K.L.:
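Right, I'll just put the structure down here and ask away after.
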Amino acid sequence: MNTARAELGALRLEELRFDNRYGRLPQDFHTRLSPTPLPEPYLVAFNPAAAELIGLAHSEAARSEFAEIFCGNRLLPGFDPLAAVYAGHQFGVFVPQLGDGRAILLGEASGALGRWDLQLKGSGRTPYSRMGDGRAVLRSCIREYLASEAMHALGIPSTRALAIVGSDQPVIRESVESAAVLTRVAPSHVRFGTFELFASRGQQEHVRTLADYVIDQHYPQLREARAPHLALLREVIARTARLVAQWQAVGFCHGVMNTDNMSILGLTIDYGPYGFMEGYNWAHVCNHSDDGGRYAYNMQPRIAHWNLYCLAEALLSLMEMEDAEAALHEYEPEFEQGYLRLMRAKLGLASEQAGDAALLQDTLKLLHDSRADYTTFFRRLGDFSSAPHADNAPLAELFAQSASYGAWAGRYRLRLALEASVDAGRKSRMNRVNPKYVLRNYLAETAIRKAADERDYGGIERLMQVLQRPYDEHARMQAYAEPAPPWASALSVSCSS
Ligand code: AMP
Ligand code: MG
């Protein structure tokens, strides 16, 4: 009965069933505590697509209890709230106890549709808060909410977002902002840094317990492997390589690729000062706090590899060094192949030809030199006419100042001819891999200002509509596909959240 209603997405809040397997791990893994209440909470955003993951009826968001529950003021039967501790390398420096200072795992909604961690981010202090207030601001909750759903819709593994609950409680950052709580949904929030915590403390038995837990719950197919822990490392390496290949292909810059922000499931996690590439610059640094450019766009693949070394080091008590090293060598080919495959598709190439990697490099050089809008370029490339005298004006216009565009277009035309590419079919394939809409920073900012200044949340809703179907043409939504207006050049995002 309950199962059928879960499948229909018809459950009431009180009918959700919870478990908290993470809570059954030893005491050193977490602290049980209740979220800190927020005064007069109100619903800012609700995402029906995430509600469906747990079988919750959309109509439940209209109940006043909903905001109370998803800011942590009221607990549902079965919740077993806890804060999970982890460490991590922050900008290359190991921090022995780093998080989780502001997220509380409520439990796993478990039922017909699998098991999903429900986690409140910004629900008050925990024993791991260090100097922090345990809160998140409305601005950063909206940014994470939009980005995580946008990434999911682009086919990129990500944590999900169920809701944002706001409150007028002031929170001090660079200026005074207001508090909010984001409810995240994911199969697991375990990070590389969770392993690093126990390894750094010499608690090798906890490293083993955690590795076994992750295999059991999330990689059950590895249980029967000859060396399950090594198999886990290899699987995380492969997933991370494929994830970062997807980031690079769509132009996503994470901004803070610390090892605590790396998911053991290969999900994009912890959206802070991220950015989607606009005018293409391969050295782009989206995080204003990242002075050295450690997490620049073109550094991401190498940084992910570095982070995997940290994970492997934390797992060393469970495997031979040579095996771990051999596994780490699998990263680069996995990334390179994955990236080239995605970029070939973005270029509309159906076959593999010898010069493809060089053509791709030169395409990116053309984009970089002209700072052409990355998303617009690939979307317009779908309309490229390979007829001999076609001027392809909308594409050419992106390179008005460039002397190299003409030669590049000729070369691209020849490459299409090499596989007898048919324009119409190519266009429809390309429009399925080249999004029309990405979460440009100024779009998020516009929605945030409306929400913060006027309590108008319609901007979030409208953005979600295009971001949840980023490959489609949306009537009357052309403005959301446009490059940033001049006022946006003053925007910057930092670690403050
Ligand atoms: P981040 O750089 O956002 O990934 O943050 C790193 C860690 O710092 C997180 O895991 C949190 O536990 C902690 N943290 C960040 N902001 C706060 C805050 N306002 N209060 C307490 N802890 C925080
Ligand atoms: Mg983090």
Side-chain angles (χ1 to χ4, degrees), residues 22 29-31 33 35-36 38 71-72 81-105 117 119-145 147-148 151 158-159 161 167 169-182 184 186 188-197 200 253-265 267-275 285-292 294-295 300 303-304 307 310-311 493-497:
Y22 204 79
F29 284 66
H30 45 65
T31 298
L33 79 176
T36 309
L38 258 189
C71 75
L82 59 83
V85 59
Y86 53 81
H89 280 82
Q90 263 188 319
F91 289 88
V93 179
F94 186 66
V95 182
Q97 190 232 284
L98 179 62
D100 211 303
R102 59 168 170 177
I104 293 183
L105 176 62
D117 274 10
Q119 192 194 62
L120 301 182
K121 182 169 177 178
S123 54
R125 287 181 56 81
T126 81
Y128 317 119
S129 295
R130 300 180 294 167
M131 305 300 285
D133 56 10
R135 290 297 180 197
V137 296
L138 178 63
R139 164 180 56 88
S140 68
C141 290
I142 295 174
R143 284 179 53 85
E144 175 154 358
Y145 179 86
S148 59
M151 292 290 269
S158 177
T159 58
S167 163
Q169 177 158 302
V171 173
I172 297 164
R173 294 294 180 263
E174 279 143 32
S175 61
V176 179
E177 302 190 44
S178 63
V181 175
L182 175 78
R184 281 205 291 218
S188 169
H189 289 85
V190 172
R191 298 128 191 281
F192 293 7
T194 322
F195 287 90
E196 291 177 277
L197 173 81
S200 72
C253 308
H254 183 284
V256 201
M257 288 177 69
N258 294 337
T259 55
D260 55 297
N261 292 337
M262 299 291 293
S263 148
I264 202 71
L265 300 185
L267 308 173
T268 314
I269 191 169
D270 276 14
Y271 294 84
Y274 65 82
V285 180
C286 63
N287 177 1
H288 198 66
S289 320
D290 182 5
D291 298 326
R294 179 181 171 85
Y295 299 135
Q300 295 190 129
I303 289 289
N307 290 344
C310 294
L311 175 67
V493 289
S494 71
C495 280
S496 156
S497 62

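Numbers for residues simply follow the sequence, beginning at 1. Please read all numbers here as calculations on a predicted model, not as lab measurements. Note that ligands are numbered from 1 as they come in the structure, with each ligand's atoms numbered from 1 the same way.
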K.L.:
Kindly list each side-chain donor-acceptor pair under 3.5 angstrom involving residues 129-139, sequence neighbours excluded, with atom names and distances?
P.N.:
from	atom 1	to	atom 2	distance (Å)
Ser129	OG	Gly101	O	2.7
Ser129	OG	Thr126	N	2.7
Ser129	OG	Thr126	O	3.0
Arg130	NH2	Leu98	O	3.4
Asp133	OD1	Arg135	N	2.9
Asp133	OD1	Arg173	NH2	3.2
Asp133	OD2	Arg173	NH1	2.8
Arg135	NH1	Gly122	O	2.9
Arg135	NH2	Thr36	O	3.2
Arg135	NH2	Pro37	O	3.3
Arg139	NE	Glu177	OE1	3.0
Arg139	NE	Glu177	OE2	3.3
Arg139	NH1	Ser496	O	3.2
Arg139	NH2	Glu177	OE2	2.8
Arg139	NH2	Ser496	O	3.3
Arg139	NH2	Ser496	OG	3.4

K.L.:
Would you tell me whether Ser178 and Gln169 have side-chain atoms, one donor and one acceptor, within less than 3.5 Å of each other?
P.N.:
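No, no side-chain donor-acceptor contact under 3.5 Å.
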K.L.:
Looking at every heavy atom in both Leu33 and Arg125, which two are closest together, and how far apart are they?
P.N.:
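Nearest pair, atom of Leu33 first, then Arg125: CD1-O, 3.7 Å.
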K.L.:
Is a salt bridge present between Arg184 and Glu144, judged by a nitrogen-to-oxygen distance below 4.0 Å?
P.N.:
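Counted as a salt bridge, because a side-chain N and a carboxylate O are separated by less than 4.0 Å.
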K.L.:
Just to verify, which of Asp260, Asp100, Thr194 counts as forming a side-chain hydrogen bond (donor to acceptor under 3.5 Å, both in side chains) with Tyr86?
P.N.:
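One option only clears the test, and that one is Asp100.
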K.L.:
Please determine whether Asp270 has a backbone or side-chain N, O or S atom lying under 2.8 Å from the Mg ion (ligand 2).
P.N.:
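Of the N, O and S atoms in Asp270, at least one lies under 2.8 Å from the Mg ion (ligand 2), which means yes.
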K.L.:
Who's touching ligand 1 if we go heavy atoms under 4.0 Å?
P.N.:
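Near ligand 1, by chain and number: Tyr86, Leu98, Gly99, Asp100, Gly101, Arg102, Ser129, Arg130, Gly132, Asp133, Gly134, Arg135, Arg173, Asp260, Asn261, Asp270.
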K.L.:
Which of parallel (below 30°), tilted (30 to 60°) and perpendicular (above 60°) describes His89 and Phe94?
P.N.:
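Correct class here is tilted.
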K.L.:
Where is the tightest heavy-atom contact between Ala186 and Thr159, given as atom of each residue plus distance?
P.N.:
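Smallest interatomic distance, heavy atoms only, reads CB-CG2, 3.9 Å.
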K.L.:
Can an N, O or S atom be found in Asn261 less than 2.8 Å away from the Mg ion (ligand 2)?
P.N.:
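A backbone or side-chain N, O or S atom of Asn261 is under 2.8 Å from the Mg ion (ligand 2).
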